[in-house]
Amino acid sequence: VQLQASGGGLLQSGGSLTLSCAASGRSFSQYCVAWFRQVPGKEREFVAVIDRSGTRTDFADSVYGRFTISRDDAKSTVYLLVSSLNPEDTAVYYCAAGTAFTVQSAQYDYWGRGTQVTVSS
């Protein structure tokens, strides 16, 4: 499966936007999909994950209550609504697909190119 993340941008603290992860190739509904983010010089960090059915989600403590993840299998797309943004959310955001519902990046088989989110104070 091929993944493409999009929707990033430059915005001020407190702002919101929706990131999209569009998939093509093998059946998207077979996979759990997660978002990770990375800042230069730091390790990739788990952000959120959604299971194959779309009924189970998990979030990093740092984004809990501010970010929402959802999926539309008819469109083969997973969305990450990011709100109440602060400068610490500045990063390249990546989506990944795998068969396990996990926060571990090594468990994901497919990765898309990232999309940059920059939050100014």
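Computed over heavy atoms, backbone and side chain alike; hydrogens, waters and symmetry mates excluded.
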task = Starting from the C-alpha separation in whole Å, work towards a yes-or-no answer on side-chain contact (heavy atoms from CB on, under 4.5 Å) for I69 and V78.
result = CA-CA 7 Å; I69 188 170; V78 167; 3.8 Å; yes
request  = Apply side-chain contact (heavy atoms from CB on, under 4.5 Å) to V117 and V82, showing your working.
outcome  = CA-CA 10 Å; V117 174; V82 299; 5.5 Å; no
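Interatomic distance, CD of Q116 versus OG1 of T90, reported as 7.0 Å (0.5 Å rounding). To the nearest 0.5 Å, atoms CZ (F46) and CZ (F59) are separated by 8.0 Å.
The aromatic rings of F67 and Y93 are tilted relative to each other, their planes meeting at an angle between 30° and 60°. Aromatic ring pairs are classed by plane angle as parallel below 30°, tilted from 30° to 60° and perpendicular above 60°; the pair F36 and W111 is tilted.
Side-chain contact check for Q30 versus V1: every heavy-atom pair is 4.5 Å or farther apart. Under the 4.5 Å side-chain criterion, counting only non-hydrogen atoms from C-beta, V49 is not in contact with R56. Here the side chains of S62 and E45 are in contact, with some heavy-atom distance below 4.5 Å.
Counting only distance, with no hydrogens or angles, the side chain of S83 and the backbone of R66 share a donor-acceptor pair below 3.5 Å. A donor-acceptor distance shorter than 3.5 angstrom exists from the side chain of R71 to the backbone of D51, with no hydrogens or angles considered. In terms of modelled atom types and a separation under 3.5 Å, the side chain of S13 and the main chain of S120 share a donor-acceptor contact.
Closest approach of L81 to T18, counting heavy atoms only: CD1-OG1, 3.5 Å. Closest approach of L3 and C95 over heavy atoms only: CD1-O, 3.8 Å. In terms of heavy atoms, S84 sits closest to S16 at N-OG, 4.0 Å. Between F28 and D73, the closest heavy-atom pair is CD2-OD1, 3.5 Å. For Y108 against Q104, the heavy-atom pair with the smallest separation is CD1-O, 3.3 Å. T77 approaches S20 most closely through the heavy-atom pair CG2-CB, 4.2 Å.
In the hydrophobic cluster analysis, where Ile, Leu, Val, Met, Phe, Trp and Tyr join through side-chain heavy atoms closer than 4.5 angstrom, V119 is grouped together with L17. Under the 4.5 Å side-chain heavy-atom criterion for Ile, Leu, Val, Met, Phe, Trp and Tyr, W35 and Y79 are members of distinct hydrophobic clusters. V47 and F101 end up in different hydrophobic clusters when Ile, Leu, Val, Met, Phe, Trp and Tyr side chains are linked at under 4.5 Å.
Under the 3.5 Å distance criterion, with hydrogens and angles disregarded, no donor-acceptor pair is assigned to the side chains of Q4 and S6.
Other residues, nucleotides and ligands contribute only 12 or fewer heavy atoms inside 6.0 Å of the CD atom of Q12.
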